[in-house]
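Heads up, the thing below is written out as structure tokens.
Residue numbers start at 1 and run along the sequence shown. Only this structure's heavy atoms are used, side chains among them; waters, hydrogens and symmetry mates stay out. Computed from a predicted model, the values in this text were never measured in an experiment.
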Amino acid sequence: MASTTLTRGLLAGATALALTVFLAPGTALAQKSTTWRVQSHWPSSSSSYEDSLVRIKNVIEERTDGRVKLKLYPAGALFKAQQTFDAVKRGTIQMGTIAPAYAQNQMSLAGIASGLPFAFRNVWEVAYFHKGLGFEDMLREEAAEEGVYWSTDKVYPTEMVVDRPIESMEDFEGLKIRSSGALQTFLTEAGASASYIPGGELYTALSSGVVDGAHWGAAQGAASMSLYEVAEYHVKPALNIAGTDVFIINQKALDKLSPEDAKTVKDALNEQFWVRTNEYLYKEQLALANAMAEQDVKITTLPEDVQNQLTEVAQKSWAEQGERSDKAAEALDKLKSMLTRLGYIDENA
């Protein structure tokens, strides 16, 4: 009898211990699955919707064993793309993707994050500026003040497509260009007529002549949006090179995850930056070569007088971004110091 009682006691104790471990708060086993609503600024037809957004969904769900699920919505499904930052900040949705330009009213660094025109010349330079010189940390610190976690998706060039060649300053000044954020201001000040049009309306605007040209990433973005069907000239050099796609997460939603799962999400996003930057560059070359071969797309280079005008206006726009806050001034100093060391500008620029 004593042996039976002891056995029962041991079994009961083991069961209680197992339940305690299973139900202990803060453990991955105890955490219920959660589903985040995620609205993108990419239409579902955009290459980045699949390659960036669907990829991170799959990575996060797999690495958290399904405890963190993402329900995806394309651009405009829930609200306008430019409302996404505020929606994530309020917790209306838990996560989103935006262009930094859409957060200019909330973050003084957003203009620099959008990419200062005619600054960097190679993608690796921008990647180093973000990750090696601390610009990404500065962005996260400022976003955190709004209750938002910020993570740049990738770095890539922004290049225009137009429906006619640009052979003179007069040609450039006659262009109606779809743009956004700092680049919209820059192109307008340089002499063109730039206006914002949502991605879902861009093809129609180009095909109907509402605009003569646009930028949506570079070759890959233009191809995925079918822009080469109505604008067969791909313009070099790049207007800018920057981290112009960003993941944002409501900080309270992130804090509700277990420490392990929150770390998994952050690690996945950090990894995504490098994976997608390199992948995007590779696919960029393939997309342009394919467009040239199959759609007779032509590469055109802006004439020297246009480039000189753009460079002059660009330098003024840099100064304006640096005046937005002390943080922006610090970031601009970092950027100009790097460009000076690379020999792209003189120390007094």
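With Met338 as the partner, the side chain to side chain contact (heavy atoms under 4.5 Å, CB included) test is satisfied by one option alone out of Leu335, Leu342, Thr340: Leu342.
Considering OG1 of Thr35 and NZ of Lys71, their distance stands at 9.0 Å, rounded to 0.5 Å. Atom CG of Leu116 and atom CD of Gln315 lie 10.0 Å apart (nearest 0.5 Å). With rounding to the nearest 0.5 angstrom, the OG1 atom of Thr300 is 8.0 Å from the OH atom of Tyr233. In this structure, Ser33 OG and Glu61 CD are separated by 10.0 Å, a value rounded to the nearest 0.5 Å. Rounding to the nearest 0.5 angstrom, the gap separating the CD atom in Glu142 from the CD atom in Gln106 is 10.0 Å. With rounding to the nearest 0.5 Å, the separation of OG in Ser52 from OH in Tyr280 is 9.0 Å.
Aromatic pair Phe135/Phe129: ring centres closer than 6.0 Å.
Ser180 approaches Tyr196 most closely through the heavy-atom pair CB-CD1, 3.7 Å.
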>> I'd like to know whether Tyr156 forms a side-chain hydrogen bond (donor to acceptor under 3.5 Å, both in side chains) with Asp245, so could you lay out the CA-CA distance, the side-chain angles of the two residues, the decisive distance to 0.1 Å, and finally the verdict.
In response: CA-CA 9 Å; Tyr156 63 92; Asp245 290 317; 2.9 Å; yes
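For the side-chain hydrogen bond (donor to acceptor under 3.5 Å, both in side chains) test, residues two or more places apart in sequence or in another chain that qualify with Asp296 are Lys298.
The shortest distance between side-chain heavy atoms of Phe247 and Val88 does not fall below 4.5 Å. Counting only heavy atoms from C-beta outward, the side chains of Asp153 and Ile56 never approach each other to under 4.5 Å. Annotation: side chain of Ser151 is in contact with side chain of Arg140 (closest heavy-atom distance under 4.5 Å).
No more than 12 heavy atoms of other residues, nucleotides or ligands lie within 6.0 Å of CD in Glu62, so this atom counts as exposed by the packing criterion.
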